[in-house]
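Scroll down for the structure; my scribbles are underneath it.
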Amino acid sequence: MLFRKRFSYTFYKEQRGLSLVSTLWILTILSILAAQLLYSIHIEQRTQRNFLDRAKFHYAARAGFEWTLAVMRTDQTPFDSLGESWAEPIEGQVDDGVQVGNFLNYQVTITDEASKVNINTADAGLISNLLAQVGASPDDALTQELTNNIVEGQPYRTVRDLARVEGMTSEILYGTQQMAAFTQGGTNAQSTPTGTVDGLSTVGGGSLQATETGAQPGLVNLATIYSLDASTDPNGEALVNINTADAEQLTQVEMQPGQGGGQPVFSQAEAESLIQQREFDRFAALMDVKAVSDELFNNIRNQITTEDSGGDGDEGETNNSEENGPPRQGGEQGGDGQVNINTADVETLQSLQGIDEGIAQRIVDHRDSQGFFQNIDAIKDVTMLTQQEFIGIVDKITLKEGDTRSGLININTAPAEILALLPGMDSQKAQAIVERREQDPPDDSPVQNYTDEEITGNPFTNISELSDLQEINFETFREVVDWVTYRSHGYRIEANGVDAAGKVISTCIGIIDRTGDQVVVQYWRQD
């Protein structure tokens, strides 16, 4: 009996011990589950808060983007420069919308896409110069092969599509290393540099100077596919396409103000002669256009001579000065009633079929400056345009169809490093352009007449003003004029939603096209 009692007591104690252990295990498990639940709730709450913050700051960034669109719509100047308000970083606030009385900050920066090289329109020479700028050796056969491959691959949808080009390296495309900071005039050093890719500022007008020795920018920093300009003159009138315009349209081309404005350049006969010679692929070719086309010359060759009526040679000799000596001054009419192009005045030259006052005056001016014609064929050496006339009409004409022109580089926003890459340019000439646009404007500057906005610097208001620079001679001007503009219609807008500590929470990036009546967003990305 005693044994049973002891056994029962022992069993009871064991049962109580097991129950206690089980209870402790259950409590432990419940505590772990409760902790996990609380942690999950905490994580979910943080996730919700983060999502809410990102959503709020996303809409703050969107608000900044929309505000900037409104700013760009109001920009009515016929030029675009870094001295205008749009080039300055924009900062603003919007209502929180969730927490009453709280405001959300946004920061916006704008980059002129025309301050970079357009890889879809650049030729092999410009691409080669661009590759040299990012560290590729211009004398290396592989660089030349890469240049050709890039040109053959045109057009591209994005600059990063260059990664698929055979021979492309990450160093050339993205640069040699991550940049920590860059100096950029007008950029807030505390914020992300305007238009940055891998930390490199791509805003036109500043110097691309790395703080880390040996660092090189990449193509993503210096290239674009979005540079765009309207096919209009500084007054907003449509440009005249020299390759397609009829004679009437050509006779309406006038010199740019300041270069003889209001004066027509082409007479009727000159316009018709130009039409017979055209198919121009660059502006410089206009300087080689003959006042007397081959067709016109064939019509008048039997009506002209370089000998006066007292010449002893026969008709054949009269028209072949390679066999004749220097022409003798005498009457305006040669044998058989021919006109002596070495003595005839403007009125007499107009008696020739297809010659009007415009061409006649150019013949006389050429003769006065170059001396007598040695043979009748030499009349074809008379050119259509003077240097001053060429400079005066480049802002009025185009060589391509379309309402827009792609790939032109804005001399008011592009940094000196980009300007120096262009045909005919070097670092000294590029720096002269930058210094001109940053200097104080003269008292008679037309810049302030275009807008009520206060504009700093002395931006170019047309291309012809380039010729005013001492460093830009005519040979340089005629080479570079195909590649430059003084305004832009394609911009990169980067809008950031920023918290109180200055940390970027959300970013919206868009490329806009404002060539038409409405601003069009060509590219959009949000982070």
Will you find, in the side chains of [X] and [Y], an N or O donor that is under 3.5 Å from an N or O acceptor?
X    : Y    : value
T485 : D229 : yes
Y486 : D395 : no
Q439 : E435 : no
Q256 : S464 : no
T507 : N496 : yes

Exercise for review: May I have the step-by-step check of side-chain contact (heavy atoms from CB on, under 4.5 Å) for S488 and T413, ending in yes or no?
Suggested key: CA-CA 9 Å; S488 176; T413 61; 5.9 Å; no
Practice item. List the steps and the verdict of side-chain contact (heavy atoms from CB on, under 4.5 Å) for Q522 and I225. Key: CA-CA 11 Å; Q522 290 187 312; I225 63 167; over 6 Å; no
**Study point:** side chain to side chain donor-acceptor pair (under 3.5 Å) assessment of E272 paired with Q276
**Key:** CA-CA 6 Å; E272 293 172 356; Q276 294 165 6; 5.9 Å; no
Which heavy-atom pair separates [X] from [Y] by the least distance, and what is that distance?
X    : Y    : value
F390 : V481 : CZ-CG1, 4.3 Å
K116 : N221 : CD-O, 3.8 Å
R278 : A245 : NH1-O, 2.5 Å
I391 : S467 : CG2-OG, 3.4 Å

Could you state the interatomic distance from [atom1] ([X]) to [atom2] ([Y]), rounded to the nearest 0.5 Å?
X    : Y    : atom1 : atom2 : answer
E465 : I433 : CD    : CD1   : 12.0 Å
I409 : M425 : CD1   : CE    : 10.0 Å
E494 : T68  : CD    : OG1   : 11.0 Å
D288 : L385 : CG    : CG    : 10.5 Å
L286 : Q277 : CG    : CD    : 10.5 Å
S267 : M384 : OG    : CE    : 7.5 Å

Practice item. Tell me whether the centres of the aromatic rings in W67 and Y106 are closer together than 6.0 Å. Key: no
Practice item. For N412 and F460, indicate whether the former's side chain and the latter's backbone hold a donor-acceptor pair under 3.5 Å. Key: yes
Exercise for review: Could you list the residues that satisfy side chain to side chain contact (heavy atoms under 4.5 Å, CB included) with D161, not counting sequence neighbours?
Suggested key: Y156, R157, T158, R164
Review point. Do you know which of V134, I127, I119 makes side chain to side chain contact (heavy atoms under 4.5 Å, CB included) with L219?
Key: V134
Review point. Picking from L421, I150, D140, what satisfies side chain to side chain contact (heavy atoms under 4.5 Å, CB included) with L131?
Key: I150
Review point. Checking side chain to side chain donor-acceptor pair (under 3.5 Å) for the pair S227/N118: CA distance, chi angles, key distance, verdict?
Key: CA-CA 6 Å; S227 54; N118 192 315; 2.9 Å; yes
Review point. Please walk me through it: do R405 and T121 pass side chain to side chain donor-acceptor pair (under 3.5 Å)?
Key: CA-CA 10 Å; R405 299 176 293 170; T121 60; over 6 Å; no
Check your understanding: Are D123 and R282 close enough, and set up right, to give a salt bridge (Lys or Arg N to Asp or Glu O under 4.0 Å), and what steps lead you there?
Key -> CA-CA 13 Å; D123 61 13; R282 49 197 294 266; over 6 Å; no
Point to revise | Q252 atom CD, neighbour heavy-atom count above 12 within 6.0 Å | key: yes
Check your understanding: What pairs with D482 under side chain to side chain donor-acceptor pair (under 3.5 Å), at least two apart in sequence or on another chain?
Key -> none
Practice item. Could you check R514 against D75 for salt bridge (Lys or Arg N to Asp or Glu O under 4.0 Å), going step by step and ending with a plain yes or no? Key: CA-CA 10 Å; R514 57 175 193 159; D75 178 29; 3.1 Å; yes
Practice item. May I ask you to check if R492 and Y226 form a cation-pi contact, with NZ or CZ under 6.0 angstrom from the six-membered ring centre and within 45° of the axis? Key: no
